[in-house]
**Student:** 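The structure that follows is given in the form of structure tokens.
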Amino acid sequence: MSGPGAEWTVARYLAVRLEQLGITHLFGVPGNHLGPFLSTMKDTTSVRWVGTPTEMGGGYAADAFARVHGIGAVAVTYGVGAFSLLNTIGGAYVEEIPVIAINACPTFEQWQNFRAVGLLTSHMSPRFESNLEVYRQVTVDAQVLSNAALAPLQIDAALTACLSERRPVYLEVMEDVWSTPCPAPAGELAPRARPVTAANRKMLARAVAEAVELVAARMPPILWGGEEIDRFGLHARFAALVDATGIPFCTTIGGKSILSENHPRFHGVYNGKASNPDVRRIFKEVAHCRIGLGAWTTSKNLGGDMALGEDWIVAAHGGVSVGSHYFPDVRLGAFIDGLRDALVARWGESGLGADYYAEPVPWTAAAPVPADAAASDAEPPPASRAAFLRSLTDTQPPAVALDYDSFFERIGAFLCDAERGHGVEATTPYVVVSDAGFALLGSQDVRMPERRSYFAQNAWLAIGWSMGAVSGIKCAIPDRRPLVFVGDGSFQETVQELSTHARLKQDCVVFVLNNEDFYGIEQMLVHPCYYAGRDEDEGFYNILHPWHFSKLADVFAAPDRPMSGVEIATHADLDALLTRLADSADGINRGPVLVQVRLSRRDFPRAIGYQTDGCPP
Ligand SMILES: Cc1ncc(C[n+]2csc(CCOP(=O)(O)OP(=O)(O)O)c2C)c(N)n1
């Protein structure tokens with residue numbers, strides 16, 4: 001291949017399709033079967049190859065790129081690469097992230113040899129369709145391209161499925177097929193929504209009508225916005241529902257920052273027993289009817305609670321449940337719009353407006369809404385909400401040792417200071433990327449002023465996700481600086497991705513929450529009383545080999561790729577670091593910053609403290 005005027009081949013076809021989809025970076029680890037594709041992509045498109053040290057890192061980067069941009073891609077080599085990548089595509093499948101997984105495999109001739117005489121070439125398994133079979137479990141379309149004449153149809157079908165179903169697809173391409181001629185792409189690809197039928201409309205009307213009756217019977221309501229609002233791009237419709245009805249809203253952790261958390265109706269992240277106590281009181285006691293919209297009822301969204309019962313409406317996964325009634329095949333966007341119109345028709349504009357932090361609640365269960373309810377929709381009384389928000393950013397005296405909660409409160413205050421503009425229009429120069437474990441629970445209440453400024457993989461929960469993901473996020477939104485929060489064990493899974501951060505000169509700040517080299521959350525789940533000060537064993541399997549984390553900056557830096565390593569243990573240390581980060585002239589900001597945050601092995605975020613409730617005093 002040489003230049004854009006060259007003939008069309010399968011490699012060029014796929015590369016141009018990626019470019020048309022706005023994919024600016026392709027992540028992955030090459031092998032000889034993939035080489036011809038990468039060369040063609042470089043020669044004929046602007047898509048940039050980002051070689052990551054591991055397939056996991058590449059997969060997580062593609063996943064996170066897709067979370068921001070709407071679709072992402074990763075490419076690997078057959079067998080050895082594909083099996084390493086599998087976990088990340090499994091995560092994208094579960095989390096509903098559209099990722100194109102490209103697997104370059106041996107030539108058609110090599111497959112013929114294998115079939116005829118059982119001759120295996122590198123990376124082949126005697127299980128003939130092993131790669132295809134495993135990827136079928138985690139994709140909405142999986143194709144093997146062995147015939148260039150069919151390749152354009154197969155590629156277009158798979159990519160259209162990826163856009164439409166918003167889940168991963170798999171393309172396995174035989175090495176010789178890359179350079180074989182094929183027709184040019186025709187037109188551009190677009191998602192194809194399933195047609196809305198008369199049956200869908202009827203089901204939608206019934207779901208909305210029942211939902212309104214449940215709201216009427218169980219005043220006051222609260223909304224619980226979740227991850228599908230983000231995945232399906234429904235934030236404007238969710239905002240329209242909140243603004244038209246005035247109903248206060250919480251989000252799941254997975255849906256954190258679907259709208260600006262400065263929104264006057266935002267009442268915090270509800271995460272069951274792991275919620276901030278004020279948020280839990282409002283969600284469970286002040287509100288009597290809970291409306292989950294696109295909210296997944298996963299364990300990390302529900303912290304020991306359930307989202308079932310006659311006080312719940314939940315619209316997710318393509319259907320709606322209202323109490324114990326289920327309405328299948330109702331689209332989330334249509335339900336949000338229908339609910340908005342029906343609630344406004346019944347209670348008037350802002351007729352359900354309230355600030356649940358203000359006491360008493362303007363109207364109570366089953367009581368008729370006062371005729372002048374709309375008047376109560378003025379700006380919420382600032383004292384109560386402000387007090388709540390302040391409680392999230394309290395700071396500690398400088399000499400005090402850091403713990404999870406005071407660390408995140410200080411980070412919250414730092415983000416508040418960095419905010420530009422006001423209210424829901426505010427922007428932040430930072431995005432937060434959180435890993436699983438205590439990092440996720442600790443960061444859930446950090447207030448994010450800007451829509452889509454918080455990212456976590458909270459359903460699949462693969463530890464180490466953040467270190468790969470942050471590369472993809474930074475490629476997709478280069479003008480934001482990522483703050484990564486990752487436990488020491490999670491960091492050890494994907495530490496190599498520091499190399500990608502340095503190589504791409506990304507200015508990420510990675511905070512390694514170093515609780516004395518310990519899988520804290522695992523200890524909490526299996527032996528919670530250890531954290532209540534009991535003499536319970538530290539699970540031997542939860543103890544990590546200690547690393548000198550901050551020194552790794554020297555390992556991954558290169559002469560023209562600086563990286564700084566810092567160790568902090570007190571609030572004074574943290575304040576000094578944050579001051580440096582905020583000073584653009586400080587040399588530390590010329591590249592990634594790796595921060596080893598020293599914490600005690602017995603410490604934990606208070607959010608997970610409910611696990612110790614049953615421990616003897
Ligand atoms: C890829 C993967 N392997 C194993 C697990 C099981 N797991 C969940 S949390 C966790 C420990 C995380 O430890 P660390 O990052 O140190 O954070 P902490 O729990 O101390 O906050 C493990 C091993 C997982 N979720 N993902």
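Note that the numbering runs from 1 along the sequence shown for the chain. When a ligand or atom number is given, it counts from 1 through the structure's own listing order.
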**Student:** Judged by non-hydrogen atoms, does A462 sit under 4.0 Å from ligand 1?
**Tutor:** yes
**Student:** Test the R167-Y93 pair against the cation-pi criterion, namely NZ or CZ under 6.0 angstrom from the six-membered ring centroid and within 45° of the ring axis.
**Tutor:**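 The answer is yes, since R167 meets both limits relative to Y93.
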**Student:** Give a yes or no answer on whether the side chain of T612 reaches the backbone of C615 with a donor-acceptor pair at less than 3.5 Å.
**Tutor:**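 No: the side chain of T612 does not pair with the backbone of C615.
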**Student:** Could you tell me whether the side chain of N589 and the main chain of R580 form a donor-acceptor pair under 3.5 Å?
**Tutor:** yes
**Student:** Is any side-chain N of the basic residue among R67 and D230 closer than 4.0 Å to the acidic one's carboxylate O?
**Tutor:** no
**Student:** With respect to N515, determine whether any N or O atom, backbone or side chain, lies less than 3.5 Å from an N or O atom of ligand 1.
**Tutor:**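 There is such a contact, yes.
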**Student:** Is I521 close to ligand 1, meaning an N/O of one under 3.5 Å from an N/O of the other?
**Tutor:**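 Right, the criterion is met.
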**Student:** Hey, which atoms in ligand 1 end up nearer than 4.0 Å to a heavy atom of G489?
**Tutor:** 14 (P), 15 (O), 16 (O)
**Student:** Which residue supplies the protein heavy atom nearest to atom 24 (C) of ligand 1, what is that atom called, and how far is it?
**Tutor:** L461 O, 3.7 Å
**Student:** At a 4.0 Å threshold, what atoms of ligand 1 neighbour a non-hydrogen atom of S490?
**Tutor:**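 Ligand 1 atoms under the 4.0 Å threshold to S490: 12 (C), 14 (P), 15 (O).
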**Student:** With a 4.5 Å limit on heavy-atom distance, are the side chains of L594 and V512 in contact?
**Tutor:**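 Contact flag for L594/V512 side chains = yes.
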**Student:** Nearest non-hydrogen atom to atom 18 (P) of ligand 1 belongs to which of G520, S466, G487?
**Tutor:**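 The residue whose heavy atom sits nearest atom 18 (P) of ligand 1 is G520.
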**Student:** Using a 4.0 Å cutoff against the non-hydrogen atoms of F438, which atoms of ligand 1 qualify?
**Tutor:**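 In order of numbering, the contacting atoms are 21 (O).
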**Student:** Could you tell me whether R127 and E133 make a salt bridge, using a distance below 4.0 angstrom between a side-chain N and a carboxylate O?
**Tutor:** no
**Student:** What do the steps show when you test F604 against Y404 for ring-ring contact (aromatic ring centres under 6.0 Å, His included), and what is the final call?
**Tutor:** CA-CA 6 Å; F604 58 92; Y404 282 100; 8.5 Å; no
**Student:** Testing T52, V74, N87 one by one against Y60 for a side-chain contact (heavy atoms from CB on, under 4.5 Å), which residue passes?
**Tutor:**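 The single option meeting the side-chain contact (heavy atoms from CB on, under 4.5 Å) with Y60 is N87.
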**Student:** If you measure every N/O of G437 against every N/O of ligand 1, is any gap under 3.5 Å?
**Tutor:** no
**Student:** Decide whether an N or O pair under 3.5 Å exists between A439 and ligand 1.
**Tutor:**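 No: no nitrogen or oxygen of A439 is under 3.5 Å from one in ligand 1.
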**Student:** So between E493, M524, E522, whose heavy atom ends up nearest atom 6 (C) of ligand 1?
**Tutor:**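 Nearest option to atom 6 (C) of ligand 1, by heavy atoms: E522.
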**Student:** Under 4.0 Å between a Lys/Arg side-chain N and an Asp/Glu carboxylate O for D517 and R601?
**Tutor:**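 Not counted as a salt bridge, because no side-chain N and carboxylate O are separated by less than 4.0 Å.
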**Student:** Taking atom 12 (C) of ligand 1 as the point of reference, which of F518, Y519, F604 owns the nearest heavy atom?
**Tutor:** Y519
**Student:** How far is atom 2 (C) of ligand 1 from the closest protein heavy atom, and which atom is that?
**Tutor:** I463 CG1, 3.5 Å
